[in-house]
Amino acid sequence: MSETKFVDENSLLGIAATFWQQYSTKTPQKLKIMDAFSLYCFILVIIQLFYCALVGDFPRNSFLSGVFAAAGAMIINICLRKQLNPETKYMSISNERAFWEYLAAMVVLFLTVINFLG
Amino acid sequence: MIKFLILILGVVLAGTPYNQKKVLVLSDNPAVYVSHSQFFNLLSKSYRVDYKNIQSNTFNLQLFGEWQYDHLVLFSTTNDLKVSTQELLDFYDSGRNILLLGSTDQSKYFRKFLNSFGLDMHDYGSSVVDYFNNIKGNQNIVTTNNVNILKVDKPVAHQGAGLTMTPYETFQVYGLVRGSETAFSGPNLSHNIIYVGATQGRNNARFVATGSWEILSDEFVNDSNLGNFELAQEIIRWGFGQSKILKAENLIHRRLDSDDIKPYNYRLREDCYFSIDIYEWDYQKDQWVPYNSTDNDVILEFVMLDPYYRLPLKKGEGSKYELSFKIPDVYGVFQFKINYLKPGYTFLKIAEKITVRPFRHDEYGRYLVQAFPYYFSSFGTMAGFVVFLIAFLLNK
């Protein structure tokens with residue numbers, strides 16, 4: 001007799017519960033930190049889009065700059081995460097080299113953002 | 001010594017008749033000099049008058065390209081004039097004034113000449129008739145109180161034909177003395193009959209025409225119950241350029257908070273100050289005095305293809321008319337335009353060009369309150385990145 005489960009595995013709630021359980025046990029600590037930063041940047045994007053829908057994008061360069069900073073950081077972070085995870089690695093470069101590329105990309109992004117912020 | 005004498009002579013002669021303007025009086029009928037003696041007295045007081053017969057060859061309006069006379073008084077005739085209409089019109093175009101005393105039997109030459117000024121004479125043999133406003137019951141001698149632009153207090157008498165004006169609106173043709181409400185002449189009704197009409201050209205030359213000689217004849221001018229004497233004075237003053245002459249000078253435009261006059265260019269949304277001095281000629285004091293516009297009607301237009309502003313100028317001290325306003329949110333080449341067309345006064349048309357430039361790239365606003373979320377998010381991302389780096393690298 002298999003043990004009773006509280007949630008039916010094929011429903012939506014069941015999928016979410018399974019995902020959360022697998023995610024918290026299987027992923028290493030470093031990747032979890034990266035995911036936390038990505039989530040933070042995503043929330044910033046959502047907040048800015050909400051504000052723009054409310055008030056309008058008057059200083060349009062500031063709006064683009066703010067959104068692009070958060071969204072760009074998120075994307076670069078996701079790229080590094082793909083490199084660091086052995087299952088999703090691409091282009092076969094070493095972890096250190098991936099990290100240096102990550103830093104370079106972030107620096108260029110932030111310089112652009114500060115210049116365009118107005 | 002000789003120079004001193006010449007100087008004294010010059011000063012003495014400056015006030016004498018040698019410095020006055022010359023008026024040519026042309027008429028066909030020598031009886032006119034008797035019947036209009038008061039009018040000629042008034043003329044001779046301020047002008048040098050030359051009396052010539054129209055048909056004679058002894059006068060030249062123009063000699064070797066220079067105009068010999070400054071003003072012209074014409075008594076119309078039944079025959080044509082030796083001088084062509086074109087030469088009279090050139091006389092008018094050069095800025096000199098003409099007074100035409102018409103009569104009902106004047107020839108076609110004069111009728112066509114009147115037409116070039118927007119006035120038209122009534123038919124041959126017609127005369128204005130009024131059964132209510134007349135003198136001693138004679139319905140052909142009509143009186144009216146309807147006088148514009150000129151200052152006449154008493155009723156003005158008229159006998160003879162009337163004029164009509166162009167039926168459409170034009171700012172140049174005026175009916176100085178118009179018929180009273182009960183006057184008529186043939187098919188023309190009262191408010192359309194003009195006894196003394198005038199046209200002021202764009203060069204500010206004035207042309208005054210009457211429908212009959214009698215309006216300025218001694219019979220009416222000597223009558224102290226009538227205003228014809230004042231009318232004669234006023235016609236001479238207004239018609240020959242002594243009264244209601246305006247002059248505008250000293251146009252200043254600058255930024256409101258600086259003293260540089262007429263800067264090279266203005267910027268959008270800057271405060272601008274404009275002022276101009278307007279003078280009126282006072283013939284009694286023989287000098288320019290500050291002009292008093294009655295109801296704030298000198299209007300400044302700020303135009304680039306269309307007027308962006310149309311604002312009345314405020315009267316400052318003395319003769320200054322000034323205004324400060326904010327330049328609109330549009331850049332381009334603008335003009336300050338004043339188009340002052342008050343009836344009876346000379347036309348004031350002034351245009352001054354300025355340029356308005358857009359913002360320089362460092363003149364836009366910074367640190368705007370609306371953009372705070374974007375500023376916070378950009379720096380927040382960077383702060384989060386630094387925190388992430390610390391956590392990532394220190395984690396085993």
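Reminder, nothing fancy here: chain letters follow the sequence lines and each chain counts from 1.
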Heavy atoms from other residues, nucleotides or ligands near NZ of B/Lys262 exceed 12 (cutoff 6.0 Å): yes
Within 6.0 angstrom of B/Phe372 CZ, more than 12 heavy atoms from elsewhere: yes
Proximal component of B/Leu394, with respect to chain A [non-hydrogen, under 4.5 Å]: neither
Side chain to side chain contact (heavy atoms under 4.5 Å, CB included) between B/Phe385 and A/Ile76, intermediate numbers included: CA-CA 11 Å; B/Phe385 171 66; A/Ile76 297 177; over 6 Å; no
Proximity of B/Phe388 and A/Tyr40 rings by center, below 6.0 Å: no
Other residues, nucleotides, ligands: >12 heavy atoms within 6.0 Å of B/Glu317 CD: no
Heavy-atom proximity to chain B below 4.5 Å, by part of A/Ile47: neither
Nearest-0.5 Å distance that lies between atom CD in A/Gln29 and atom CG in B/Asn395: 5.0 Å
Under 4.5 Å from a heavy atom of chain B, the part of A/Leu84 involved: side chain
Crowding at CZ, A/Arg97 (>12 non-hydrogen neighbours, <6.0 Å): no
Within 6.0 Å of NZ in B/Lys349, more than 12 heavy atoms from elsewhere: yes
A/Tyr102 portion near chain B, given a 4.5 angstrom heavy-atom threshold: side chain
Gap separating the CZ atom of B/Phe392 from the CG atom of A/Leu31, nearest 0.5 angstrom: 7.5 Å
A/Met106, part contacting chain B, at a heavy-atom distance under 4.5 Å: side chain
For the student: nearest non-hydrogen atoms of B/Ser377 and A/Gln48, plus distance: OG-OE1, 2.8 Å
Which portion of A/Leu117 sits near chain B, non-hydrogen atoms under 4.5 angstrom: both
A/Tyr51 ring center within less than 6.0 Å of B/Tyr374 ring center: yes
More than 12 heavy atoms from other groups under 6.0 Å of NZ on B/Lys151: no
Under 4.5 Å from any heavy atom of chain A - which part of B/Tyr364: neither
Neighbour count >12 (heavy atoms, 6.0 Å) for atom OH, A/Tyr90: yes
Minimal non-hydrogen separation, B/Thr381 against A/Ala73, with atom names: CG2-CB, 3.5 Å
Pair A/Phe68-B/Ser378, side chain to side chain contact (heavy atoms under 4.5 Å, CB included): steps then yes or no: CA-CA 8 Å; A/Phe68 200 68; B/Ser378 325; over 6 Å; no
Atom pair CG (A/Leu109) and CE (B/Met382), whose distance is rounded to the nearest 0.5 Å: 8.0 Å
Nearest atoms (heavy-atom pairs only) where A/Phe37 meets B/Gly384: CE1-C, 3.3 Å
Exceeds 12 heavy-atom contacts within 6.0 angstrom, atom OH of B/Tyr309: yes
